[in-house]
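Sequence lines set the chain letters: A, B, ... in the order given, protein chains first and strands last, and positions in each chain run from 1.
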Protein chains: 2
Amino acid sequence: MVTIKDVAKISGVSPSTVSRVIANNPRISEETKKKVRKAMKELGYHPNVNARNLVAKSTKAVGVIMPSSTNTALQNPFFPEILRGIGSVIHDAQYSMYLSTGETEEEIFKEVQRLVYGSYVSGVILLYSRINDKVTDFLREQDFPFIIVGKPYDYETEISHVDNDNFKAGKEITNHLINMGHSRIGFIGGSRDLFVTRDRENGYLAALDEAGIEHREEYKIHTEFLKSGGREAVEHLMSLDTLPTGLVVSDDLISLGILSMLEEYGIRVPQDISLVSFNNVYLSEITRPALTTVDIQIYELGAQSAKALIEKTQNKNEPTKRIIIPYKIVYRDSVSKC
Amino acid sequence: MVTIKDVAKISGVSPSTVSRVIANNPRISEETKKKVRKAMKELGYHPNVNARNLVAKSTKAVGVIMPSSTNTALQNPFFPEILRGIGSVIHDAQYSMYLSTGETEEEIFKEVQRLVYGSYVSGVILLYSRINDKVTDFLREQDFPFIIVGKPYDYETEISHVDNDNFKAGKEITNHLINMGHSRIGFIGGSRDLFVTRDRENGYLAALDEAGIEHREEYKIHTEFLKSGGREAVEHLMSLDTLPTGLVVSDDLISLGILSMLEEYGIRVPQDISLVSFNNVYLSEITRPALTTVDIQIYELGAQSAKALIEKTQNKNEPTKRIIIPYKIVYRDSVSKC
DNA sequence: CTGTTAGCGCTTTCAG
DNA sequence: CTGAAAGCGCTAACAG
């Protein structure tokens, strides 16, 4: 391995000068800079990040924590897309990204502890938000820089997060259904433990309220995220005496399953039932029918969270931020007039 | 930050003893071990990974390189799934995982150089395999431990890789179609730059040959991966005077698009056309019809590549390995007799 | 079984 | 504008 000393020797200066050249210290003459850089190139010198981190007592690296992966929920294209967004900003800032996956909550917790205590990273991005989350509590207690993608369960004003206005989006997309003449509208969501589900559902309810439409408990279904492809949800629906004519589904991937089940029952979308959902992942444009869905700008969620986190790692006094990424409804073919 | 010295002081031993306790060196008495561990717990001590890596001149970390992300191909659920597989092994081995995403090939190349030269990682997993890939060449020249998921373009016997037998899988799944009475069988694949496409296609061709079915150039379509949801592919198909009755599609996600387009043209699957594909990602069971597809065991691909890489980082003389993950055809509803 | 010492590669005062 | 020296936290001979 070629070190700073080798470069120093070759270019006839001291190691400290080389170090300054690396940092592009203005107090070094252009001449020596040139000389040193030439030597670096010749030798193929690259600074050793561990040595550097050791003295800097900090790491230009962030940890990205995926939700626990016991189920297939991780197969959601949401994740690669948000990683892309994070990666882009990370890369521009010359940071690196540690990815942490884990089967169980406990495993994840241990892993985060390791990342934090071992000085692996100088900040953490949580790709989920759950109630009573040990990881969140730990990070807060440690006063360690972190960002939640989504809405924190507690201490909302103390934890920086980047989120969509899921309430408003839920309301708006439900209103779209209402405006199209629907009044019997159902909601199918993933686990209520996830805040995003709640927010979208609450938006849905608010839209009904405003329109003077009564809630029907039997129209609200929570299916385990991705489990059984929405089979239970649709079976439940079928057991009802009057079917809804519109469906608000909290995730494109769930919609895909619902669409499939609905067809099995001979129910056509959008002729018999209209359906709207959330996320606008790639596949939502290639389903039949193509989905009218809320584009939540996943890439941007990732990019902004990385940006905010990096700022925070660079300045501990950075204030707590809430960053709301605007959404946009994408109108396609899954809705018709009622 | 609490260091090894603090622990030493509290427990009344020297730093090196503490170090030995951490490494669970057998030459330390159980008594002192207990004493030291107690102090570590009290103080909340955790070893600093940078200091450790610095002296060890190695890093228990691997870099995972995603393909360039100019298109939406990354939204393929393949990726989160393979990351899960890698993560699991990484975690058990107490390693960490650096994730590298990049827009362009050049960006990725720079990033890999950084990871390697800067001693960020001690091995690399490439989640793609492309012809004339600078990254592969670089890693080879550096004699840096790395694994390709897929088949290397060149130096196949020198580069460890984990792959499926895509040729055989392609042949077998095509045979399934043939056994069901089909003889006009088309192939729709992603970019031919990707080896996986070629292998699957060659398997398809071999099956035709064996069955004495002539190739038809117009039945082989290469659509840019995911682009336009297979629209061009299906349009091309429609322009033909005689349609195929069976379709081998190289990726579940492409199948989804094809399914959708076919429906648009009023062609029913499997009644009018049978369709088989590859990967068996979650969504392939919730499409309509559910897909008959090759389960390539994505998770296992990830896990085995991580395992092989870790072995290689721990023993430079580990021989070059080719690891073939068995596949399994999952029969569902997208095929019917012809 | 344990302590002393040197040093990993780099940055950063402090001198000059 | 540049060099010498100290030290980041840890490990690994080498002594004892």
* To do: Just call it for B/R52: base, sugar-phosphate, or nothing, with non-hydrogen atoms closer than 4.0 Å on any strand.
  => sugar-phosphate

* Report yes if a side-chain nitrogen or oxygen of A/K57 is closer than 4.0 Å to either non-bridging phosphate oxygen (OP1 or OP2) of D/dG9; otherwise report no. => yes

* Asked: Does the ring centre of A/Y117 sit less than 6.0 Å away from the ring centre of A/F138?
  -> yes

* To do: Considering only NZ, NE, NH1 and NH2 on the basic side and carboxylate oxygens on the acidic side, decide whether B/E81 and B/R84 come within less than 4.0 Å.
  => yes

* To do: May I ask you to decide whether A/E31 forms a salt bridge with A/K35, counting only side-chain N to carboxylate O separations under 4.0 Å?
  => no

* Asked: Hey, does the side chain of B/S14 come within less than 4.0 Å of C/dT2's phosphate (OP1/OP2), counting only N and O?
  -> no

* B/I4 has a side chain; which of D/dT2, D/dT11, D/dG3 sits nearest to it? -> D/dT11

* To do: Just call it for B/S16: base, sugar-phosphate, or nothing, with non-hydrogen atoms closer than 4.0 Å on any strand.
  => base

* Using only heavy-atom distances, decide whether a donor-acceptor pair under 3.5 angstrom links the side-chain of B/T32 to the base of C/dT2. => no

* Among C/dG3, D/dG9, D/dG7, which is the nearest nucleotide to the side chain of B/M1? -> D/dG9

* Counting N and O atoms only, with roles assigned by atom type, does the side chain of B/S191 sit under 3.5 Å from a partner on the main chain of B/D193, one being a donor and the other an acceptor? -> yes

* Would you say the side chain of B/S19 and the base of D/dA12 hold a donor-acceptor pair, judged only by whether the two atoms sit under 3.5 Å apart? -> no

* Heavy atoms under 4.0 Å, any strand shown: does A/V13 hit a base, just sugar-phosphate, or nothing? -> sugar-phosphate

* To do: Check every atom of C/dT4, D/dG3, C/dC10 against the side chain of A/Y45 and return the nucleotide holding the closest atom.
  => C/dC10

